[in-house]
Amino acid sequence: MIPGSFEYHRPSSLDDAIGLLSSLGEDALLVAGGHSLIPMMKLRMAMPEHLVDLQDVQSLKSITVDTNQISLGAMVTQAELIASDELHAACPILRETSLQIADPQIRNLGTIGGNVANGDPGNDMPAIMQMLGATYVLAGPQGTREIAARDFYEAAFFTAREDGEILTTIKFDTPTAGHGWAYEKQKRKIGDYATAAAAVVLTVSGGVCETASIGLTNVADTPLWAEEAAGVLVGSALDEATIKTAANAAVAITDPALDGRGPVEFRKHIAGIMVQRAVAKAAQRAQ
Amino acid sequence: MNDQTPISREERIEKLQGLGCSRKRVEDARFTQGKGNYIDDLKLPGMLFGDFVRSPYGHARIKSINPEAALAVPGVLAVITAEELKPLALHYMPTLAGDVQAVLADEKVLFQNQEVAFVVATDRYAAADGVELVEVDYEPLPVINDAFKAMDEDAPLLREDIKDKMEGAHGPRKHHNHIFFWEEGDKDGTEKALDDADVVVEELITYQRVHPCPLETCGCVASMDKINGKLTLWGTFQAPHAVRTVASLITNIAEHNIRVISPDIGGGFGNKVGVYPGYICATVASIVTGKPVKWVEDRIENLSSTAFARDYHMTGKIAATKDGKITGLWAHVLADHGAFDACADPTKFPAGFFHIVTGSYDIPVAYVGVDGVYTNKAPGGVAYRCSFRVTEAAYLIERMIDILARKLDMDPAELRIKNFIKKEQFPYQSALGWEYDSGDYHTAMEKAMTTVDYKALRVEQTENRAAFDRGETRSLMGVGVAFFTEIVGAGPVKNCDILGLGMFDSCEIRIHPTGSAIARLGTISQGQGHATTFAQILASEIGIPAEDITLEEGDTDTAPYGLGTYGSRSTPVAGAATAMAGRKIRAKAQMIAAYLLEVHEGDLEWDVDRFQIKGNPEAHKTMKEIAFASYNQAIPGLEPGLEAVSYYDPPNMTYPFGAYICVVDVDVDTGVIDVRRFYALDDCGTRINPMIIEGQVHGGLTEALAIVMGQEISYDEIGNIKGATLMDFFLPTAVETPNWETGHTTTPSPHHPIGAKGVGESPNVGGVPALSNAVHDAFAHKGLTHTQMPHDHWRVWKVAQKLGLTD
C-alpha cells in the first residue's frame, strides 16, 4: 500500500492547471479529493508520474442557485453540498445523496467533480446528474465545451473527457418547486458502494404524475438513466402496480456484475426494490 | 509516617478503587490523545524497512526468482529468498501446532499472498518499489479451495516437503493432504444413543473462515546489536515470552541474548499469537545488516496472510426423547487449516477445546472427531476472541439445540432449560472429559427471559407472522436465544502447554518504601485494560490504592515468564498469580506489623489497608507504614524489602457462561436485518471492573455481529482470495452496530483466588449463535432448518426466495 513516486503540482488557477496537463501529457493525472485516485495509487493500479492537485483553484468552488439553473463548481466537496441550505431548498436530493456517500471524513474531502468525472460506476452522483439532466462543462487547451451527463459515460472509468481537459462545472435546470425526490441506496455498511441504488425526481399534479426521471447507480459499468421506466410513471396515479411496472422496466436495463454484494440476480432484484421505494417516497414528498 | 487524617472504613475502601469498582481506564489518557506507542511508532537510528514479494497464485511452482531490477532501485539493499535462508535452516519455521511453515516459499507457493521474497531497503517507499521489480516466474498448479475435496484420491499434493512423513504431530495422516485425526468421547455409546433415540436431528453446520482483523496489523522491529550479541525484538506479540523462547530455538541465539518487547498493541483477538515470516525475515535482515529492521503489514497482507479463524465444517447429531431430553451428542468436524497447520492451540489439543461442545447441557454420552486438512489457503486457525475452538463448538451446539426444538415443536428456550446442567450438579463432569467448576444456568436464563419479557416477544412474533401472511408487512420478526458455556483460562500445566511451555502465568510485585508499588505480569494487554484491572485486584489484596500501583507487561527482560494474553486467560491465570503474589506481600506485611505493634502475628487482623490488633482497631499499621518499615527497620528474622513473585498453575479451567436473547426484523425483499434488541447476560464470576466488562461485552458482541452478518474470507476456484480489504470484509461501524444491553449474575469460580472467570471472549462465543438463531427463527415457521453464515443481504434474500416469500 505504498504508491510509486510522482511529482506533485498545485496550480492556483484553472489556466495553470490546463497548461500543466498539456505540458506534462498523459503521465499526469488530476487529483481533486483524492478518494478514488489515491487508493488506486497505493495499490499501484494507477502510477502517474505527475499529480496535478486542483484544491487551490478557487474558481471551481462555488455553488450557484437561481430560479432556473443550479451550477456547482467541480471542487465543491460533498460536505459543502450537504451544508448549503439554499441548495437543499432548491434540490433536496443532493443532500440526501451526499449523506449516503461514505462517511463525514471522506465527505470533507471528496468533491462533486471528482465523483462525476472519475467514471466509477459505484459513485453516486453520476446517476443523480443523469437523472437531473445535468450538463458538464469541460475546459481544455482549446477552450470549453459542454456535454450532457447522459452522454458522458462510456464504460467503467472511461468517459468523454479528453486527456488535457478538466471538468469545471456541473449545471442543471432547477427542479420544479414542489417536486418529489428520493435516493434509495442499499449498501452493506457505511463507506460501501451501492448494491443497487435508485434516484428519482418527479412532479405530481392533481394526483397524477406529470414528470418523472430515474437514475440507477452501480448496476452496470456506467450509471443508467432509466428513461422508459420513468415514462411508465408519467400520467399514472403512482399506484403500486404502475410503480412495479416501472421498476421492472428499470431492472430490464441493468447489467450488474457478480461481486461481494451478491450475485447478478440479487443485484438486479435490489435495483427494482430501490426504484419502487424511491418512487413511493418521492410520490409521498411531492406537493 | 502515620496517616494524618483519620477517615472512615468506607472512605478507605473507596480510596483503594479495588475489586468491583468501575475505575476509569488508566490507559485511556494516552490512547484517547493519540499518544499510544504502537510498533509503527517506533523509530530507531538507521532503521531499515522490509517488505514482501507475495505470490499472486494460490498454488504454483516457482521456476525462478530474479532480484536484479529490484536491487538496482536506489535504497534497496537486499532481496532475501528461501535460498538465502536455507544455509541458516530458517526457510521453514516450526508452527505452534507441530507443523512447519515456509518462512519464504521453498520451490512452490501454497496460497495467494504467500511470502516469496523479502526486500530490505533504507525506507518503506524504496522497499515497495523493489517489491514491484522482483521477477518471479511461476508455473501454476491445480488448486484445492474446498476442504471436502482435499482428501479426494486424485487431489493434488500440496505439501511436498512432508509428503513422505505420514506420521504427523497428532498421529497418522491418512492422505497426503491430511493433517490429523483427533477424537474424544464414547463413540459406541453415542452411536447406541442415536440408534435408540425417539428423535435424531442431524445437520452440517459450517462456521465460515473469518479473520480477527485487529485495527493495528502485525509488525515488528528487529535489532541485532553486533557488539554485545543481543537481539531485541519489538513486535505485536500476544505472548512475548513464548516468542522469545521460540526465537531462541529457531535462531540458536541464547535465550538470555534475546529481549522481546510488546509495546502498545492495537487489538489482537488471536491474530497476534502466532509467529509470522515477517518476524523471522526482519530478524535475519537485522543480523545480516547489523541495523534495526522494521516490518509492518498493510491491511490486505493482514487479511490474506496472517492468521485467520474458524473454517470449521461441523456435522452434528443429537439424540433425544420425544419430550425433549437429550440422550446423546455426536459431532464430526472437517477442519480447513490452510496450507500449513499454524493453529494456535495447546499442544495436546489439535482441535483446541472443541470438546466443550456439549455446552450447558447435561448430555449423558457424547463423541467428537476432528479431521484437519490442508488446502490452498492462508494458514492460521486462531482463537478469534474466544478460547481455543470454543466459539465453533458453541455455535454447533446452540444451532443444533434450535434445530431439535423445531423438530420437537418446542420453544427453544424451554428445551434449553429442560436440559441444563443443574446448579447442584457442579462441579460437573462432562461426557467429553471436562470438569465444569461452577454454574447456575437456570437463574441466568430466567433473569434474561424476564428482562426481555420473552413470552411477550413470542406473542408479538405470532402477530407479526399473521400480519406477514395477510400481506400487511414484508418484515419477519426473529427471536434468537443462546446459552453458552465457555472454557477459558488455559490452563493447568498438567494438560496445557504450547511447544512444551506450561500455560501457567505470573506476577511479580515490588512495594516501594513510600507505599506505592509496581507489578509486572507475564501477560500483555491489547486493549483489555490490564493496567487498570490488575491494579484493582492488587489494591484489594494489599491495601494500596490502585492509582499508586504501576502495572507493567510485555518486556521479557523485566516481566516474569508467562504465556501471554489470549483465550481469556489473563484474569483466570495471571489475575490469580497477582492475587497470590499480593497475599505473599500481605503475609510478610503481617509479620512486620506484628513486630512494629509488638504483638503476635495471630493477634492481628487485616482490615482494608492495614493490620490492626484484634479488638483494638486503633492500634494498627497501614500498608504504607509497613512498606516504609520494611526498608528502614532491622526486623529480626526478616529480610529487608517487600517483594513477592507468584507463578500460578491453575488447578482447573474456568467456565464463564451467559444467556443471550436478541430480536431481529428481517426485510424479506432486501435481505437487510435490523437487530432491534440484544440483551446479553454474562456470568464471569467475580467482577473486577464492571465498566471494563461492559466495554468488553460491547466489543465482543460487535465482532459477533460482524461474523454473523457479513465477515467471510473466501477463495475462488483458482485460489484467489476474495474480499481481503475493508471494502468487502465486514467491519461494522457505529452505524451498523445496534444498542447492546447487558446484565449479569455472579457465580464465583470456586478454585480461583478471587473467584474471577474471564469475560473478554464470552460475547463473541454467545453472540454468534444468538444472532444466527434469531435470523433462523425469523424463517423457522416457513420451513427453514439451517442456512450457512454469513447472513448477509443476498444470502438472506436467497433464503426468502427459496421459501417462496419473494419473487
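Below, chain A is the first sequence line, B the second, and so on; all start at residue 1.
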- [ ] Kindly check if the number of other-residue, nucleotide or ligand heavy atoms within 6.0 Å of CD (A:E154) is above 12?
- [x] yes
TODO: Could you look at A:I273 and say if it's the side chain, the backbone, both or neither that has a heavy atom under 4.5 Å from chain B?
DONE: side chain
- [ ] Could you list the residues that satisfy ring-ring contact (aromatic ring centres under 6.0 Å, His included) with A:H88, not counting sequence neighbours?
- [x] none
Would you list the atom pairs in which one atom of chain A and one of chain B form a donor-acceptor pair under 3.5 Å?
from	atom 1	to	atom 2	distance (Å)
A:M1	N	B:D298	OD2	3.1
A:R44	NH1	B:D129	OD1	2.9
A:R44	NH2	B:D129	OD1	2.7
A:Q186	NE2	B:T670	O	3.0
A:Q186	NE2	B:H793	ND1	3.1
A:R188	NH1	B:D728	OD1	3.0
A:R188	NH2	B:M727	O	3.1
A:R188	NH2	B:D728	OD1	2.9
A:K189	NZ	B:L726	O	2.3
A:K189	NZ	B:F729	O	2.9
A:I190	N	B:E736	OE2	2.5
A:K244	NZ	B:D807	OD2	3.3
A:E265	OE1	B:K798	NZ	2.7
A:E265	OE2	B:Q801	NE2	3.0
A:H269	NE2	B:D669	O	2.7
A:H269	NE2	B:W797	NE1	3.0
A:R277	NH1	B:D667	OD2	3.1
A:R277	NH2	B:D667	OD1	3.4
A:R277	NH2	B:D667	OD2	2.9

